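Data first, discussion second: the structure below is written as structure tokens.
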Number of protein chains: 2
Amino acid sequence: MAQSLPDLPASGDAGRSVPLPAVTRMPVYLAAVESLLAEGISTVSSEALAAACGVGASIVRRDLTHAAPVGRRGVGYDTAELAAAIRAFLRVDRARPLGIVGAGRLGTALAHYLSDPRHGFEIRAVFDADPDRVGQPVGSLTVSAESDFREIARARGLELLVVAVPGSAAQGVTDMVAGTSVTGLLNFAPVPVRAPAGVSVRNVDLATELQVLSHFAPASGGADGEAADPLPANTKTGV
Amino acid sequence: MAQSLPDLPASGDAGRSVPLPAVTRMPVYLAAVESLLAEGISTVSSEALAAACGVGASIVRRDLTHAAPVGRRGVGYDTAELAAAIRAFLRVDRARPLGIVGAGRLGTALAHYLSDPRHGFEIRAVFDADPDRVGQPVGSLTVSAESDFREIARARGLELLVVAVPGSAAQGVTDMVAGTSVTGLLNFAPVPVRAPAGVSVRNVDLATELQVLSHFAPASGGADGEAADPLPANTKTGV
DNA sequence: GAGTGTGAAGGAATTCACAGCA
DNA sequence: TGCTGTGAATTCCTTCACACTC
């Protein structure tokens, strides 16, 4: 390192971006801090937080200086302040308008789960391509026709979209979001999708998760010489 | 909290372990290769596979030498052979016996989704603590009482367990698996669980995933100076 | 020539260790 | 003294470039 050019690392980009692994840990911290808040605890140390989240203390400190630098030396972090800072970092300090495409079993399960406002989201629409499902109730909402997506997305200001449709339909749904207010897409369909510019995509394939787990889980009763290395601690998101 | 202690590095283990990021990419490769197989394509290059999976070609080669070293120089990878090798690596070369705890909306949705044998799993039991749900059908199975878990798990040789119960019940369910044939646990409850020794845990919290996505998805229409760095490509599992 | 396997270089994230503030 | 914030060291993963095989 230390080549001739001192800085100017990311050309033109002012981007002081937080490492992705750190971002994925923030919701874990947030959940832990909210739990402390609920118990009336007003201060927490990096060590205590680390223990609650199953990570090292120094990584907690580094993460928080990146994303929520509200610690006080010799004291710790004020829980209320820290929770607010993390929520702001994750942009869930206001409930974000959310839509779900696919009113099948998975889609409706997600709709009910995410309707808890504590998660930071507000479900404003559920769509389905099947005419039989359109008009059916899901929680306090009514299923809308997928063909009305663009209009409704704009009208209701949807910012995030959960895609819970069959794999064959996923790319089509993804293409729909171009030019709408949607800037993030959580894809549960078991196929990769290419998103329009300006839209972030995160894929969550349940079968994939299980297969990864499967690798680390030996057949039991196995007196096979195979030791099967352990899964390195808090893998994956939610610790 | 983490499950297994951070250390205890599989003592005595000669440890030639594949990097975790590489493991998480294997299901993606597998899906792509199976798709090629279905098209009757019998050979694939690292470059072609990389393009299909949205990663670099050299990482594909490195991953495959780690986990499925079946390439032929100057030729490429035989798709059938590669698929078999990856399945073996992930231990899904035989359908793995799987149980689901929690027959609520999410649990039943997962049950139906995973009942497709192509994923490499065979659902052998669905449990619930609610007596009203016990005896109800889920697909071709009948919901069993959670209190019968240990007995049924042993009898049916369950190796993996999907936990789809409320957060308050997750640790209790996790504790149940001690001493059974279950060696892997996929936790959907939004709380960290500590697993018994010898059991790998992977947490998948849907709210967490959305919060991570939320960070990368700016409020639309935003003329806010905030540029919001883009999500670094194929984050998370499925490509 | 085509394309894998791999040492070596490069970069990113974690961990260490301690300086600095309350 | 207690605990955060942070340069420096370390470890891990990725990328490069090419030797080697078909």
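Given the structure is predicted, the values throughout are model-derived calculations rather than measurements. Protein chains get the first letters and strands the later ones, always in sequence-line order, with residue 1 at the start of each.
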Take atom CG of A:Leu20 and atom P of D:dT14, then tell me their distance rounded to the nearest Å.
12 Å
Compare the minimum distances between each of C:dT15, D:dC22, C:dG5 and the side chain of B:Tyr77, then state the nucleotide with the smallest one.
C:dG5
Step by step, would you call B:His66 with B:Phe89 a ring-ring contact (aromatic ring centres under 6.0 Å, His included)?
CA-CA 10 Å; B:His66 281 348; B:Phe89 177 78; 9.5 Å; no
Between A:Phe121 and B:Ser214 the two heavy atoms that sit nearest each other are CE2-CB, 4.2 Å
Taken to the nearest whole Å, CG/B:Leu64 to C1'/D:dT15 is 16 Å
Rounded to whole angstroms, how far apart are CG on B:Leu49 and C1' on C:dG5?
16 Å
5'-most contact on DNA chain C: A:Gly74 or A:Gly56, nearest heavy atom basis?
A:Gly56
Quick one: A:Asp63 CG to D:dG5 C1', roughly how many Å, whole number?
13 Å
Would you indicate which nucleotide in D:dC3, C:dT6, D:dT6 comes nearest to any side-chain atom of A:Ser45?
D:dC3
Taking only N and O in the side chain of B:Ser46, is any of them less than 4.0 Å away from OP1 or OP2 of C:dT4?
yes
Correct closest heavy-atom pair for A:Asp63 and A:Arg25 would be OD2-NE, 2.6 Å
What is the distance from CZ of B:Arg62 to P of D:dA17, rounded to the nearest Å?
14 Å
B:Arg73 side chain: which of D:dA19, D:dC16, C:dC16 is closest?
D:dA19
What is the distance, to the nearest angstrom, from the CG atom on B:Leu82 to the C1' atom on C:dG3?
14 Å
Closest approach to the side chain of A:Thr65, judged atom by atom: which nucleotide of C:dC16, D:dG5, C:dG5 is it?
D:dG5
Measure the distance from CZ on A:Arg61 to P on C:dG20 and round it to the nearest whole Å.
16 Å
Strictly distance-based, threshold 3.5 Å: is any side-chain N or O of A:Thr43 a donor or acceptor partner for the main-chain N or O of A:Gly76?
no
Could you go through A:Glu81 and A:Arg72, starting from their C-alpha distance and side-chain angles, then the distance that decides it, and tell me whether this counts as salt bridge (Lys or Arg N to Asp or Glu O under 4.0 Å)?
CA-CA 11 Å; A:Glu81 194 181 4; A:Arg72 282 182 188 76; 3.1 Å; yes
To the nearest Å, how far apart are A:Ile59 CD1 and D:dT11 C1'?
12 Å
